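Since the structure comes first, as structure tokens, the remarks are kept for the end.
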Amino acid sequence: MLLGLLPGITVVGAASDGEEAVRLVAEHEPHVVLMDLRMPRCDGVEATRRIRAHHPGTEVVVLTTYADDDSLFPALQAGARGYLTKDAGADEIARAIADVRSGAAGLSPQVQRRLLEQLAGRSAGGAQGGEDGGPAGQSPAGGLALQSGGAERHLPDGLTVREAEVLALIADGLSNTEIAKALFVSPATVKTHINNLFAKTAVRDRAQAVSYAFRHGISSPSQTD
């Protein structure tokens with residue numbers, strides 16, 4: 001009922017479980033699916049994985065009661081581009097739908113904060129000070145903590161230090177313009193770095209980039225202090 005009242009949105013189907021959701025997506029090819037997580041037969045994570053694999057033109061926004069790590073990260077890894085809790089209002093839901101349709105991530109502020117907290121927690125344990133008293137491995141432009149336990153940490157998937165810096169700032173929630181200002185480069189240069197790191201890591205959007213950064217412990221120095 002709520003979705004039907006939002007301007008520019010037409011509800012083409014409602015599913016009682018994940019199996020039916022996958023079937024309805026094949027039948028109607030909607031632009032966006034609002035996906036619950038805890039469902040019989042096929043849960044929301046598996047349904048999201050199937051939809052994204054077979055219907056890449058359909059985006060998935062999770063709308064669930066649960067914001068715990070065991071729910072959040074599997075959903076993002078399965079391909080969800082948005083994640084909202086059920087206390088989200090109509091404006092927030094409409095904004096998330098518009099965001100994922102435009103290629104952005106539709107994450108609630110609480111979910112973004114949880115991602116950053118987890119990323120910071122993964123990275124904080126290994127950060128050590130360099131000889132100049134700053135974070136080990138920090139570059140002149142703000143840099144990235146690249147050492148753990150006294151040994152330089154190898155960046156995954158062939159990422160350069162600059163690409164990892166950009167990835168860390170994406171995980172911080174910065175826009176391209178804000179990243180450019182933080183690194184003293186042009187927005188066009190930032191876009192080039194993002195295209196390169198997306199290709200190397202095989203992520204499709206910023207939501208998956210945040211999840212990737214979390215999994216690999218890539219964070220900006222402010223998160224490791």
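Keep in mind the model is a prediction, meaning the values are calculated, not measured. Below, all heavy atoms of this structure are taken into account, side chains as well, without hydrogens, waters or symmetry copies.
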Over 12 foreign heavy atoms within 6.0 Å of NE2, His28: yes
Backbone N/O of Leu159 and side chain of Glu163: donor-acceptor pair under 3.5 Å: no
Ionic contact status for Glu59 with Arg52, cut-off 4.0 Å: yes
Nearest heavy-atom neighbours spanning Asp17 and Pro40: CB-O, 3.3 Å
Under 3.5 Å donor-acceptor, Thr201 side chain and Leu197 backbone: yes
Backbone N/O of Ser175 and side chain of Glu178: donor-acceptor pair under 3.5 Å: yes
Thr189 and Thr192: side chain donor to acceptor below 3.5 Å: no
Arg81 bridged to Asp99 by N-O distance under 4.0 Å: no
Lys86 and Leu63: CA distance, side-chain angles, deciding distance, side-chain contact (heavy atoms from CB on, under 4.5 Å) verdict: CA-CA 6 Å; Lys86 288 185 177 177; Leu63 182 61; 4.2 Å; yes
Electrostatic pair Arg95-Glu92, nearest N-O below 4.0 angstrom: no
Sidechain-backbone polar pair: Gln208 side chain, Arg204 backbone, donor-acceptor under 3.5 Å: yes
Minimum-distance pair of heavy atoms, taken over all atoms of Leu6 and Ala90: CD2-CB, 3.8 Å
Any donor-acceptor N/O pair, Thr58 side chain to Pro30 backbone, under 3.5 Å: yes
Basic-acidic side-chain contact under 4.0 Å: Arg23, Glu19: no
Donor-acceptor pair, side chain of Asp205 and main chain of Ala207, under 3.5 angstrom: yes
Minimum-distance pair of heavy atoms, taken over all atoms of Glu20 and Ala14: OE2-O, 3.8 Å
Flag, side chain of Asp43 to backbone of Val45, donor-acceptor distance under 3.5 Å: yes
Lys200 side chain vs Gly158 backbone, donor-acceptor pair below 3.5 Å: yes
